[in-house]
Amino acid sequence: ITPIPDLFLVAVKLGHDSTGAKYLHVAREDANNLFSVQFRTTPMDSTGVPHILEHTVLCGSQKYPCRDPFFKMLNRSLATFMNAFTASDYTLYPFSTQNSKDFQNLLSVYLDAVFFPCLRELDFWQEGWRLEHENPSNSETRLVFKGIVFNEMKGAFTDNERIFSQSLQNRLLPDHTYSFVSGGNPLSIPDLSWEQLKQFHATHYHPSNARFFTYGNLPLEQHLRQIHEEALNKFQRIESNTAVPAQKLWDTPREYHVTCGPDKFATDPTKQTTVGVSFLLPDITDIFESFTLNLLSSLLIDGPNSPFYKALIESGLGTDFSPDVGYNGCTREAFFSVGLQGIADQHVETVKQIITKTIDEVIEKGFEDDRVEALLQKIEIQMKHQSTSFGLALSSYIASCWNHEGDPIELLNIGSQVTRFRKCLKENSNFLQEKVKQYFKNNPHRLTLSMNPDEKYYDKQTQMEMEKLKQKIDSLSMKEKLHIYEKGLELQNLQSEPQDASCLPALKVSDIEPTISSTEMDTALAAGEIPVQYCAQPTNGVVYFRAFSNLNTLPEELRPYVPLFCSVLTNPHFEDEEHFKVLVKMSAQELSNGIPNSGHLYASVRANRTLTPAGDLLETFNGMDQVRLMKRVAEMSDIKPILRKLPRIKKHLLNCDNMRCSVNATPQQMSRAEKEVENFIKSLGRSKKERKSVRPHVIEDPTFKPCQMKTHFILPFPVNYVGEGVRTVPYTHPDYAKLRILARLMTAKFLHTEIREKGGAYGGGAKLSSNGIFTFYSYRDPNSIQTLQSFEKAVNWAKSGKFTEMDIEEAKLSVFSVVDAPVAPSDKGVDRFLYGLSDEMKQAHREQLFGVNQEQLMNVSNKYLRIGQSTRGLAILGPDNVNIDKDPSWVIR
């Protein structure tokens with residue numbers, strides 16, 4: 001039992017005598033209680049067995065044999081978080097909730113899922129991979145690969161940063177499990193059999209190979225009793241043999257080259273090469289050495305004053321650091337990586353020379369004392385910051401180290417590591433330079449990895465997949481082909497059957513508090529007339545300040561450059577031309593790199609663009625328009641005209657007349673905070689005219705007319721991202737609550753089955769935004785037009801009322817888990833500040849949610865979502881599509 005006062009917690013480390021299971025409990029006054037169990041999963045191939053197993057164990061268990069209890073519990077619980085993760089060498093199953101009954105329910109489902117799963121063959125087919133006819137009902141259609149993980153990983157490897165990071169780990173740590181792709185290589189996934197999956201579960205998902213973690217204010221004894229009775233007492237200790245051996249160190253550095261797909265949004269098509277130099281570091285279980293090297297990594301690469309930023313980014317040779325830059329402590333031995341992306345092929349050697357030279361300069365000159373001190377203070381402030389997902393953050397923070405027998409309690413004792421670090425620096429002024437010399441200059445275990453695009457990369461991937469498919473099909477007998485057809489029909493029927501989830505535990509809507517707890521706030525005028533919202537909260541001595549600036553006076557032609565202005569605002573010395581060019585290139589590269597992971601968000605933002613003035617602004621700031629604008633700006637030979645726009649934007653945005661502020665702090669800090677806010681406001685400009693009272697939460701544009709638009713962005717990806725938006729009503733309208741329940745109901749009871757289970761997409765559903773746009777979406781989806789048809793079918797399904805009272809109850813629970821999600825002290829009152837949502841509005845919305853019934857849901861489906869009823873927008877990001885090409889109503893970009 002170890003108190004850690006810096007984090008306001010007490011840690012309790014336990015072991016289970018008969019199985020050897022490890023357990024860590026963190027007691028803290030936090031009602032958002034968390035449970036996680038992790039298993040060391042060390043695959044010796046790239047079939048994705050741990051990843052497919054993570055999906056399949058959540059498809060039904062002995063006690064809860066219904067299909068997909070994991071997704072069903074999302075709607076029978078008030079969980080604040082539920083998920084599962086496959087890392088390179090462990091699989092983690094966490095959940096959190098503020099309700100003690102809910103905690104016991106979820107714990108029961110999770111324990112049964114991981115220790116006693118059904119692992120049915122059809123679930124493996126659905127979640128992992130299968131051969132199936134393109135149309136499962138027609139045996140004349142061709143056989144193709146399908147499967148959720150198969151499509152997820154095809155999508156994952158459209159991300160060039162992912163290709164680089166994966167190759168880096170595989171090549172730097174080649175001797176054991178890290179040389180494989182734990183998530184699965186799409187070309188290797190079809191080599192996995194159902195038998196191998198079950199065998200992997202038997203050897204890896206055992207208490208002897210498990211680490212349990214609980215966090216929060218619920219009693220430990222209750223957790224231990226339930227875990228013992230429902231799982232551990234049914235097992236005996238085994239030798240798990242899952243340990244990762246130490247990587248054999250190299251005598252000489254190595255080099256390796258990989259290819260990737262071309263970047264359609266590259267600022268210069270001739271500069272798409274990436275190069276990085278990576279150094280193997282010590283075992284992550286050496287906790288103080290890891291802390292030191294992590295801190296050293298920040299000093300080397302973070303911020304415009306760091307040595308590698310000055311040497312590499314400001315050289316102008318590339319657009320941004322190479323992927324996975326900095327310290328990486330997710331494998332048994334950590335590593336540090338640094339390099340550049342967006343460079344010309346002939347500059348690879350130059351970049352390597354700059355890295356070597358920078359290391360020599362750091363050894364010679366060291367670091368400025370104030371940078372080291374600033375970093376230590378940042379760590380100390382982070383320890384004081386209270387997030388609502390602190391338990392989840394701890395669970396992820398300790399996972400890798402604990403996975404390799406490191407001491408999680410020592411890891412949590414960050415304060416003592418800071419103290420020890422300060423002492424080492426005081427005793428030896430060259431402490432950090434010596435580490436740089438030891439681990440970077442004199443380290444032969446060094447990998448130089450380069451990557452450049454191949455115009456035919458995606459064609460070659462498709463060709464290899466086709467060859468794999470042909471090989472599989474050619475080996476089938478007629479009897480096996482018939483079996484595939486019959487199994488395909490069986491899976492289709494199973495997916496279409498109404499599902500009985502009555503075996504699963506559930507909370508009731510009556511378990512939910514009928515009223516919200518109110519937040520006390522004061523609003524005062526600073527410097528005479530600027531409204532400031534003050535909210536006294538237990539913030540651990542940290543003051544949180546926000547300023548909100550209204551864009552209404554900003555000229556139209558300057559609006560697209562506001563995101564760029566915000567970047568410059570937080571990096572003050574970028575106002576000179578050379579620094580500004582660097583920032584523009586980095587921004588353009590980051591936006592382009594973000595598309596494969598956020599394609600559904602880009603599709604949704606584009607779909608909603610023509611529906612409201614706010615939607616148009618969102619596309620301008622955060623959508624594909626912004627991606628394309630930044631590409632154009634980065635390509636400019638003369639960037640001065642853009643630079644000249646920034647002072648004009650500043651005049652409008654950093655202007656008292658357009659501003660309001662908020663402060664969250666402890667009561668004792670308020671008077672000092674008020675003085676600081678006053679000083680801040682006095683330092684800003686203001687227009688000569690008298691300040692107009694603005695309606696702060698409304699974007700009004702009397703000339704705006706919503707219209708329908710369909711856009712297809714052709715991208716060289718093997719999967720699609722689909723978005724469809726429908727304009728409905730704002731938060732305060734009585735129908736908003738009905739539409740919010742409807743979105744959840746459609747997702748859980750219709751779209752999940754149609755888009756993920758049947759369609760094979762990684763994800764899909766419906767959601768309602770705070771401004772009243774009802775959005776349908778899909779993610780890493782092998783289909784596009786078929787998915788749009790599924791959206792239409794979902795509306796017809798809802799209009800016909802093919803759902804039960806229980807379905808509505810579950811949708812309400814799911815919505816309330818979001819409505820009642822915990823709010824950190826730093827964020828209390830933010831809804832009021834940003835959106836003008838008062839406690840009275842929230843309470844009225846709450847009562848409307850409780851009152852939603854079947855007839856109302858059918859009515860709003862018909863009133864707002866029926867085709868031809870409301871204005872809608874559609875967008876698809878993905879490969880060329882012949883059906884869309886033939887349809888003149890689509891705009892092709």
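Since this is a predicted model, take the numbers as computed values, not measurements.
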Discussion item. Quiz question: by atom type and distance under 3.5 Å, do the side chains of S814 and R744 form a donor-acceptor pair?
Written reply: yes
Item to complete: Output the distance between atom CD1 (I484) and atom CG (L491), rounded to the nearest 0.5 Å.
Response: 13.0 Å
Worksheet item: Looking at residues at least two apart in the chain, or sitting in another chain, which of them share a ring pair (Phe, Tyr, Trp, His ring centres under 6.0 Å) with F774?
Response: F776
Fill in: E152 side-chain N/O to Y762 backbone N/O, donor-acceptor pair under 3.5 Å
no
Worksheet item: Judged by modelled atom types alone, do E161 and N593 share a side-chain donor-acceptor pair under 3.5 Å?
Response: yes
Worksheet item: Where the side chain of S598 meets the backbone of L601, is there a donor-acceptor pair that is under 3.5 Å apart?
Response: no
Worksheet item: How about K799 and L865: do any of their side-chain heavy atoms sit closer than 4.5 Å?
Response: no
Worksheet item: So, D320 and K585, do they make that salt bridge, N to O below 4.0 Å?
Response: no
Practice prompt. Please test N170 against S179 for side chain to side chain donor-acceptor pair (under 3.5 Å), starting from the C-alpha separation and ending with a verdict.
Written response: CA-CA 4 Å; N170 295 161; S179 65; over 6 Å; no
Worksheet item: Is the backbone N or O of I773 less than 3.5 Å from a side-chain atom of S769, with the two atoms forming a donor-acceptor pair by type?
Response: yes
Practice prompt. Test N720 against N783 for side chain to side chain donor-acceptor pair (under 3.5 Å), laying out the working first.
Written response: CA-CA 7 Å; N720 296 282; N783 309 300; over 6 Å; no
Worksheet item: Are more than 12 heavy atoms from other residues, nucleotides or ligands located less than 6.0 Å from atom CD of E140?
Response: no
Worksheet entry | Side-chain heavy-atom pair K758, T753 within 4.5 angstrom cut-off | yes
Worksheet item: What class does the angle between the rings of H600 and Y779 fall in, given that below 30° is parallel, 30 to 60° is tilted and above 60° is perpendicular?
Response: perpendicular
Discussion item. Test of understanding: with salt bridge (charged side-chain N to carboxylate O under 4.0 Å, His left out), list the residues that count as partners of R171, not counting sequence neighbours.
Written reply: none
Worksheet entry | Pair Q626, T620: side-chain N/O donor-acceptor within cut-off below 3.5 Å | no
Discussion item. side-chain contact (heavy atoms from CB on, under 4.5 Å), that's the test. Do T56 and Q126 meet it? Break it down for me.
Written reply: CA-CA 9 Å; T56 316; Q126 172 184 289; over 6 Å; no
Practice prompt. Using the ring of F750 (Phe, Tyr or Trp, six-membered ring only), decide whether K793 places NZ or CZ under 6.0 Å from its centre and within 45 degrees of its axis.
Written response: no
Discussion item. Looking at R67, is its backbone amide N or carbonyl O close enough to the side chain of K72 to form a donor-acceptor pair, meaning the two atoms are under 3.5 Å apart?
Written reply: yes
Item to complete: Please name all residues satisfying side-chain contact (heavy atoms from CB on, under 4.5 Å) with K863, sequence neighbours left out, ordered by chain then number.
Response: D735
Worksheet item: Sequence neighbours excluded, which residues qualify as side-chain contact (heavy atoms from CB on, under 4.5 Å) partners of P706?
Response: F704, R727, T871
Worksheet entry | Exam field: side chain T612 to backbone N608, donor-acceptor pair closer than 3.5 Å | no
Practice prompt. May I ask you to decide if D807's main-chain N or O and E810's side chain share a donor-acceptor pair within less than 3.5 Å?
Written response: no
Worksheet, complete the sentence: salt bridge (Lys or Arg N to Asp or Glu O under 4.0 Å) pairs touching residues 619-629, sequence neighbours excluded, are R606-E619, R606-D625, R609-D625
Practice prompt. For the pair H55 and H51, name the ring-plane relationship: parallel under 30°, tilted 30 to 60°, perpendicular over 60°.
Written response: perpendicular
Fill in: Residue pairs involving residues 123-133 (criterion salt bridge (Lys or Arg N to Asp or Glu O under 4.0 Å); sequence neighbours excluded)
R120-D123, E127-R756, R130-E132, E132-K146
Worksheet item: Any idea how F145 and W129 line up, ring-wise: parallel (<30°), tilted (30 to 60°), or perpendicular (>60°)?
Response: perpendicular
Worksheet item: Residues in side-chain contact (heavy atoms from CB on, under 4.5 Å) with T158, at least two apart?
Response: Y458, P596, F717, P718, Y721
Discussion item. Under a 3.5 Å distance rule, please check whether S790 uses its side chain to pair with a backbone N or O of Q786 as donor and acceptor.
Written reply: yes
Fill in: Between T319 and Q589, a side-chain donor and acceptor under 3.5 Å
yes
Item to complete: Using distance alone, with no hydrogens and no angle criterion, decide if S139 and H133 have a side-chain donor and acceptor under 3.5 Å apart.
Response: no
Side-chain donor-acceptor pairs of residues 879-886 under 3.5 Å, sequence neighbours excluded:
| from | atom 1 | to | atom 2 | distance (Å) |
| --- | --- | --- | --- | --- |
| N881 | OD1 | N883 | N | 2.9 |
| N881 | OD1 | I884 | N | 3.2 |
| N881 | ND2 | S784 | OG | 2.9 |

Discussion item. We want to know whether S188 and T47 form a side-chain donor-acceptor pair, criterion being a heavy-atom distance below 3.5 angstrom.
Written reply: no
Worksheet item: E465 and T462: side-chain donor and acceptor closer than 3.5 Å?
Response: no
Discussion item. Looking at every heavy atom in both F621 and V562, which two are closest together, and how far apart are they?
Written reply: CE2-CB, 3.8 Å
Fill in: Pairs flagged by salt bridge (Lys or Arg N to Asp or Glu O under 4.0 Å) wherever residues 713-726 is involved - sequence neighbours left out
E724-R872
Discussion item. Pairing donors with acceptors under 3.5 angstrom, does anything connect the side chains of E754 and Q495?
Written reply: no
Worksheet, complete the sentence: By side-chain hydrogen bond (donor to acceptor under 3.5 Å, both in side chains), E467 pairs with (sequence neighbours left out) Q463
Worksheet, complete the sentence: Rounded to the nearest 0.5 angstrom, the OG1-CZ distance for T274 and F321 is 13.5 Å
Discussion item. Let me confirm one number: the CZ-CZ distance from R893 to F713, rounded to the nearest 0.5 Å.
Written reply: 5.0 Å
Fill in: Partner residues of F265 under the ring pair (Phe, Tyr, Trp, His ring centres under 6.0 Å) criterion, sequence neighbours left out
none
Practice prompt. Please identify each residue that fulfils side-chain contact (heavy atoms from CB on, under 4.5 Å) with A607, with sequence neighbours left out.
Written response: A875
Worksheet item: When rounded to the nearest 0.5 angstrom, what distance separates CZ in F164 from CD in Q169?
Response: 13.0 Å
Discussion item. Minimum heavy-atom separation for S861 and L742, please, with both atom names.
Written reply: OG-CD2, 3.5 Å
Discussion item. Main chain of C707, side chain of T610: is a donor-acceptor contact present, judged purely on distance under 3.5 Å?
Written reply: yes
Practice prompt. Using a cut-off of 6.0 Å, state whether more than 12 heavy atoms not belonging to E455 lie near its atom CD.
Written response: no
Worksheet item: Quick one: does V627's side chain get under 4.5 Å of Y602's, heavy atoms only?
Response: yes
Practice prompt. Would you give the length of the straight line joining atom SG of C566 to atom OH of Y561, rounded to the nearest 0.5 angstrom?
Written response: 15.0 Å
Worksheet item: What's the verdict on side chain to side chain donor-acceptor pair (under 3.5 Å) for S337 and D324, showing C-alpha distance, side-chain angles and the deciding distance?
Response: CA-CA 7 Å; S337 185; D324 236 353; over 6 Å; no
Discussion item. Under a 3.5 Å distance rule, please check whether N160 uses its side chain to pair with a backbone N or O of G261 as donor and acceptor.
Written reply: yes
Worksheet item: Counting heavy atoms not belonging to K470, are there more than 12 under 6.0 Å from its NZ?
Response: no
Worksheet item: Will you find, in the side chains of S889 and K710, an N or O donor that is under 3.5 Å from an N or O acceptor?
Response: yes
Worksheet item: Would you say T141's side chain and N135's backbone share a donor-acceptor pair under 3.5 angstrom?
Response: yes
Item to complete: Would you please test D45 and D191 for side-chain contact (heavy atoms from CB on, under 4.5 Å) and show each step?
Response: CA-CA 10 Å; D45 59 40; D191 294 333; over 6 Å; no
